[in-house]
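It should be emphasised that the depicted structure is a prediction, and the values quoted were computed from it without experimental measurement.
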Amino acid sequence: MAQTTINVRIDEEVKRGFEEFCSEVGLNVSVAINMFARVVIREQRLPFGVALYCPNEETRKAIDDVANRRNLSRPYSSVEELMEDLNADD
């Protein structure tokens, strides 16, 4: 199979960190990029999520609370019951 070269511009710190990671796992940058390209071709997608939405700190804490069943309200059997509780004077 014929080989070709790809030139990529990348931040120096990102490059250094990537090279260090690759070295730690026994790869070089070329092998890691080839692995990435093959996964993209095989799966026909990027092997990670790409999204514009990034929850803020308050939302991340709320998500963590739900995942760990903390700070949850009691269950309600109807909307009326919920509204009564919300409108109650504490």
Side-chain angles (χ1 to χ4, degrees):
M1 183 183 314
Q3 299 286 308
T4 190
T5 301
I6 297 176
N7 293 313
V8 178
R9 298 185 70 71
I10 189 169
D11 180 85
E12 286 180 30
E13 290 181 32
V14 172
K15 180 182 180 227
R16 188 171 23 262
F18 188 57
E19 288 171 331
E20 287 173 11
F21 169 81
C22 289
S23 177
E24 286 292 317
V25 297
L27 303 173
N28 63 42
V29 170
S30 182
V31 170
I33 291 173
N34 272 284
M35 290 171 65
F36 170 79
R38 289 174 187 275
V39 169
V40 169
I41 292 166
R42 182 180 65 242
E43 296 182 8
Q44 291 295 290
R45 66 179 189 85
L46 292 174
F48 48 81
V50 176
L52 292 176
Y53 174 71
C54 182
N56 63 27
E57 183 62 25
E58 181 180 4
T59 303
R60 284 193 299 271
K61 286 179 181 177
I63 291 168
D64 186 63
D65 280 349
V66 170
N68 292 291
R69 304 197 50 77
R70 292 187 308 259
N71 302 318
L72 302 176
S73 68
R74 68 177 183 84
Y76 296 95
S77 58
S78 68
V79 172
E80 291 80 20
E81 185 182 1
L82 167 64
M83 294 309 294
E84 282 177 24
D85 199 20
L86 287 173
N87 294 321
D89 292 330
D90 290 330

Is the CZ atom of Arg74 crowded by more than 12 outside heavy atoms at less than 6.0 Å? yes
So does Arg60 pair up with Glu57, basic N to acidic O under 4.0 Å? yes
Basic-acidic side-chain contact under 4.0 Å: Glu20, Arg16: no
Is Arg42 close to Val39 at the side-chain level, that is, under 4.5 Å between some pair of heavy atoms? yes
Would you compute the distance between atom CG of Leu86 and atom CD of Glu81 and round it to the nearest 0.5 angstrom? 11.0 Å
OH/Tyr76: more than 12 non-hydrogen atoms of other groups inside 6.0 Å: yes
Counting only heavy atoms not in Arg38 (residues, nucleotides, ligands), do more than 12 fall under 6.0 Å from its CZ? no
More than 12 heavy atoms from other groups under 6.0 Å of CG on Leu46: yes
What I'd like to find out is whether the side chain of Leu72 reaches to under 4.5 Å of the side chain of Asp65, using heavy atoms alone. no
Verify the neighbour count for atom CD of Glu43: are there more than 12 heavy atoms of other residues, nucleotides or ligands below 6.0 Å? yes
Please report the interatomic distance CD1(Ile10) to CD(Glu12), rounded to the nearest 0.5 Å. 11.0 Å
Considering non-hydrogen atoms only, spot the tightest contact between Leu27 and Ala32 and give its length. CD1-CB, 4.4 Å
So, for Pro55 and Thr59, which heavy atoms are closest and what is the spacing to 0.1 Å? CB-CG2, 3.7 Å
Rounded to the nearest 0.5 Å, what separates atom OG in Ser73 from atom CG in Leu82? 7.5 Å
Asn28 side chain vs Ser30 backbone, donor-acceptor pair below 3.5 Å: yes
Can you check whether Val31 reaches Met35 side chain to side chain, under 4.5 Å on heavy atoms? yes
Would you say Phe48 ends up clustered with Tyr53 if hydrophobic residues are merged whenever their side chains have heavy atoms under 4.5 Å apart, either directly or through other cluster members? no
